[in-house]
Amino acid sequence: MDQTHASSPLAGAVHDLATEVVLALRSGDHLATVCGAAGIDEENRTGIAAARVIGADLLLPSVLYGRHPHPGDVAVLDRAVREFPPKPDAPAATAWSHWHMISTLQRMAPPAPGASGVPGAPGAYAEPDAAWLEEAPWQAFTHQLSVLAPLAVPAAPSAVRRAAANRAVDLARGFVRAVRRRDWLQAAGAGRWLAAIGGEPATLGLERGLEFVELMGGHDPRVTLHVRAARLMAEANPR
């Protein structure tokens, strides 16, 4: 799913959702509905699949601005969790994405007293294993962390975040490599992690690097989404 976002209905829906997240991040409007603006509700099967691709970033504007998410967006993300649970043999990154969707729903939209809540209520869906990240070569480590960029948000501790914090230099190397390879989505995801955890070498020039990534890869709204998230986190925690 890249600049050829019109090549399939799912790719188009992912593109539209990511675009609406970016618009909400830019405006700071916590009353706006990301899914409603993209024409997606909890009965739209393609839209639900797209929400699974976007993951917890569907609620990112509320997470970063500290405001209540729109009920329609909560309903769509909840439906995506229910409709697309990871299979037993799913990649670790898929399991982590699912876990983060659940934890974000529980944190940002806890169920009312007496309600059943989202799948995987506390204790039912444990944090997946992250030991594989500790030994991964820095290239593979950066790739996996970029896939898991939605986990790079404030106040969301996890084993993935701890692994990222312990390998900030490797992430910085991966960021530079991704830029050189013109892999703008991977670069944006790695840059978002660096903005979230800090610890990158001062010589990296992360702010200017992210500007370049957005300039070159901004045709993909997911790139812009990660860059904007990185900027908001950097502004909230200036170094």
Side-chain angles (χ1 to χ4, degrees), residues 1-3 14 18 52-57 60 84 86-104 125-154 156-218 220 222-231 233-234 237 239:
M1 282 170 257
D2 52 19
Q3 64 266 34
V14 170
R52 179 63 188 86
V53 174
I54 296 294
D57 274 346
L60 183 61
F84 297 102
K87 297 179 180 179
D89 59 347
T94 300
W96 270 105
S97 175
H98 188 74
W99 174 86
H100 184 55
M101 291 166 67
I102 292 173
S103 63
T104 300
Y125 191 74
E127 184 176 288
D129 175 63
W132 52 280
L133 284 172
E134 298 174 6
E135 302 299 327
W138 63 269
Q139 300 93 330
F141 180 75
T142 301
H143 169 71
Q144 292 297 327
L145 265 289
S146 69
V147 172
L148 294 173
L151 277 75
V153 291
S158 68
V160 172
R161 187 184 183 93
R162 291 190 291 274
N166 290 335
R167 300 185 63 177
V169 173
D170 282 345
L171 267 179
R173 292 175 69 190
F175 175 79
V176 172
R177 178 175 181 267
V179 170
R180 289 176 174 170
R181 292 165 60 92
R182 305 176 70 85
D183 188 339
W184 309 121
L185 185 58
Q186 184 174 128
R192 175 173 168 177
W193 272 109
L194 290 170
I197 63 174
E200 78 278 4
T203 54
L204 179 64
L206 180 60
E207 181 177 354
R208 295 189 65 182
L210 285 170
E211 289 178 359
F212 181 72
V213 168
E214 184 176 24
L215 175 66
M216 299 300 293
D220 185 341
R222 294 172 303 167
V223 170
T224 306
L225 188 162
H226 292 325
V227 171
R228 181 61 185 168
R231 287 186 181 136
M233 289 188 284
N237 297 286
R239 299 190 177 105

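Counting heavy atoms from C-beta outward, R173 and D170 have side chains that approach closer than 4.5 Å. Using a 4.5 Å heavy-atom cutoff, the side chains of W184 and V179 are in contact. Residues L185 and H226 have side chains in contact (heavy-atom distance under 4.5 Å, counting atoms from C-beta outward). Looking at R222 and D57, their side chains never come closer than 4.5 Å, going by heavy atoms from C-beta outward. Within the 4.5 Å cutoff, the side chain of R52 has heavy atoms near those of the T94 side chain. In this structure the side chain of F175 reaches within 4.5 angstrom of the side chain of L210, judged on heavy atoms. In this structure, R177 and R181 have side chains that are in contact, with non-hydrogen atoms separated by less than 4.5 Å. Side-chain contact check for L133 versus Q144: some heavy-atom pair is nearer than 4.5 Å.
For CD of E207, the number of neighbouring non-hydrogen atoms (other residues, nucleotides, ligands) closer than 6.0 Å is 12 at most.
Listed for the W96 side chain is a donor-acceptor partner under 3.5 Å among the backbone atoms of D129.
Atom NE2 in H143 sits 13.0 Å away from atom CZ in F141 (nearest 0.5 Å).
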Test log, rule side chain to side chain contact (heavy atoms under 4.5 Å, CB included), inputs T104 and V153: CA-CA 10 Å; T104 300; V153 291; over 6 Å; no
Stepwise side chain to side chain contact (heavy atoms under 4.5 Å, CB included) test for L225 and R192: CA-CA 9 Å; L225 188 162; R192 175 173 168 177; 3.6 Å; yes
Residues L151, W193; criterion side chain to side chain contact (heavy atoms under 4.5 Å, CB included); working and verdict: CA-CA 8 Å; L151 277 75; W193 272 109; 3.7 Å; yes
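Minimum heavy-atom separation, L206 to A195: CD2-N, 3.9 Å. Pairing each heavy atom of A56 with each of M101, the nearest pair is N-CG, 3.7 Å. Contact between V213 and A187 at its shortest, heavy atoms only, is CG2-CB, 3.9 Å. Minimum interatomic distance between I197 and A168 (heavy atoms only, all atoms of both residues): CD1-CB, 4.2 Å. Of all the heavy atoms in A93 and V147, the pair that sits closest is CB-CG1, 4.1 Å. Across every non-hydrogen atom of G174 and Q186, the tightest pair is O-OE1, 4.5 Å.
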